[in-house]
Each structure stands twice: as structure tokens, then as C-alpha cells.
Amino acid sequence: MIAFVSGPVAALAPDSAVVEVGGIGMAVQCTPGTLSALRLGQQARLATSLVVREDSLTLYGFADDDERSTFELLQTASGVGPRLAQAMLAVHSPDALRRAVATADEKALTAVPGIGKKGAQKLLLELKDRLGAPLGTGPAVGAPVTAGWQDQLHAALIGLGYATREADEAVAAVAPQAESGGAAPQIGPLLKAALQTLNRTR
């Protein structure tokens, strides 16, 4: 198993990064939050989890070991594959997920794309004894996304190599979309929408 990758960031995309390790470019699937902390050409160290399928080998990258272990524990629940586990971590921090499960916060889980009411109820039952208790008194569930989605999106665009002015314009362009849903803005879809507006203006 590949426990982590370390090296300069060779490329960034909306849902992945390429880290050069010993002359080899390792493609790593990451959440927008993890990607927003990476910069082209700068050193990065990502905790990783290798998912092996019959027709593919996919490396998932995380900001730290806690994220990776939570990603792997989430997949022990029936119906949760790597993509859904990553989507859960894109919306909530590991501790926020632990708090949601500990307090049976069904609403927090349904904030994740792909999880409905019944699915949330099932996950709360299955994960109750697996994720463990919250480690700290961090932000409330969903707060990392609802608080400052503009900053997260702006940082992600800068990390992808766009100029500050371009990032400012793209954030402004997707603001109506972010604020129209009523629920916590999802950084992944907003990043894709922002990239589409930037591609149109170039």
C-alpha cells in the first residue's frame, strides 16, 4: 500500500493533483479543500489510500492521516464506495462527521450529494460504533464549508494557476449559484462552474 506521496506538485485539476515522486507523476484524487492548499511547483505531502479494482488502480489523497483513516472507515459501511466517502469528506471534516454520527445528525449527512434520508439513517446506524467520538470542539457540522466558501474557492483557483483578478471574477460569477440553494454550498460543483466561466472568458 502507498501510505503517502511527497514531492513537487506537477499539475492541478478540479478533482485531482499530480505529485512528482522520484521522477514519476502520481495522479491523486483529492477533495477541493485538500487541493486548495496545494500550489504548482511547491512541495506537498499527502496521506494516500490506494483503491484497487479489477480495471483500475486509484490513489486518493488527503491533507492528513485522520482524513485518510476516516475515508477508509466510511467505506466499511454498506453502499459506501471511495467516491461517496470522498464526497462526505469534501463536505465535512473528519471530526464533523464523527460529531454527526455521535449525535445522530441526519441532516448533516443528507447535505452530502448522493445521500438521501434513508441512506443517512442507515449510515448513522452502521457507523455509530466505527468512527469513534469527536476529538475536539471544532466547528459545527458543515461550518468549514458554509463559512467562507468564497475563500476556499478563491484559494483553489489560485492553486490551479489563475491570477487573483481571474479568481475574483470567477467567485463573483458563481455567487448567485452558491447562495440560491439555501443549503451549505458544495465547493466541488462551484469549482467546476467557476472553471467553466474562466474558460469562456479566455
### Message
So which atom in T48 and which in G61 form the shortest heavy-atom distance, rounded to 0.1 Å?
### Response
CG2-CA, 4.2 Å
### Task
List the atom of A17, the atom of L38, and the distance in Å for their closest heavy-atom pair.
CB-CD1, 3.8 Å
### Message
Let's go through T34 and E67 carefully: what are the C-alpha distance in whole Å and the side-chain angles of both, what is the deciding distance for side chain to side chain contact (heavy atoms under 4.5 Å, CB included) to 0.1 Å, and is it a yes or a no?
### Response
CA-CA 10 Å; T34 299; E67 269 196 9; 3.6 Å; yes
#### Entry: Non-hydrogen side-chain atoms of L89 and P94 separated by less than 4.5 Å
yes
### Query
Shared ILVMFWY cluster between V18 and L195, side chains joined below 4.5 angstrom?
no
### Message
How long is the straight-line distance from OG1 of T58 back to CZ of R53, given to the nearest 0.5 Å?
### Response
8.0 Å
### Task
Look only at the side chain of Q75 and the backbone of F71, and say whether a donor-acceptor pair between them is shorter than 3.5 Å.
yes
### Task
Looking only at non-hydrogen atoms, find the nearest pair between T110 and A120 and report the distance.
CG2-CB, 3.8 Å
#### Entry: Side-chain ion pair, D65 and R68, N-O less than 4.0 Å
yes
### Message
Could you check whether any side-chain heavy atom of V80 comes within less than 4.5 Å of a side-chain heavy atom of L127, counting everything from C-beta outward?
### Response
no
### Message
Would you compute the distance between atom CG of L50 and atom CG of L57 and round it to the nearest 0.5 angstrom?
### Response
5.5 Å
### Query
Which heavy-atom pair separates V91 from P113 by the least distance, and what is that distance?
CG2-CD, 4.1 Å
### Within 6.0 Å of CZ in R130, more than 12 heavy atoms from elsewhere
yes
### Message
Measuring from atom CD of Q196 to atom CG of L191, what distance do you get when rounded to the nearest 0.5 angstrom?
### Response
10.0 Å
#### Entry: S36 backbone acceptor or donor facing R39 side chain under 3.5 Å
yes
### Message
Could you work out, with salt bridge (Lys or Arg N to Asp or Glu O under 4.0 Å) as the rule, every residue matching D66, not counting sequence neighbours?
### Response
R98
### Query
Looking only at heavy atoms, which two atoms of V9 and A44 are closest? And how far apart?
CG2-CB, 3.6 Å
#### Entry: Least distance between heavy atoms, L35 atom then A13 atom
CD1-O, 3.5 Å
### Task
With the side chain counted from C-beta on, respond yes when L124 and E106 share a heavy-atom pair under 4.5 Å apart, and no when they do not.
yes
### Query
In Å, rounded to the nearest 0.5 Å, how long is the span from NE2 of H92 to CE of M88?
7.5 Å
### Task
Check L123, D129, L131 against V101 for a side-chain contact (heavy atoms from CB on, under 4.5 Å) and give me the one that passes.
L131
### All pairs passing ring-ring contact (aromatic ring centres under 6.0 Å, His included) where residues 7-34 contributes a residue, at least two apart
none
### Task
Examine F4 and V52 and state if one hydrophobic cluster contains both, with Ile, Leu, Val, Met, Phe, Trp and Tyr joined whenever side-chain heavy atoms are less than 4.5 Å apart.
no
### Query
Would a distance-only check, ignoring hydrogens and angles, find a side-chain to backbone donor-acceptor pair under 3.5 Å from Q86 to Q29?
yes
### Steps toward side chain to side chain contact (heavy atoms under 4.5 Å, CB included) verdict (T70, F62)
CA-CA 10 Å; T70 303; F62 309 93; over 6 Å; no
### Message
Working note: L46 + L59, criterion side chain to side chain contact (heavy atoms under 4.5 Å, CB included); need CA distance, chi angles, decisive distance, verdict.
### Response
CA-CA 11 Å; L46 296 173; L59 200 59; over 6 Å; no
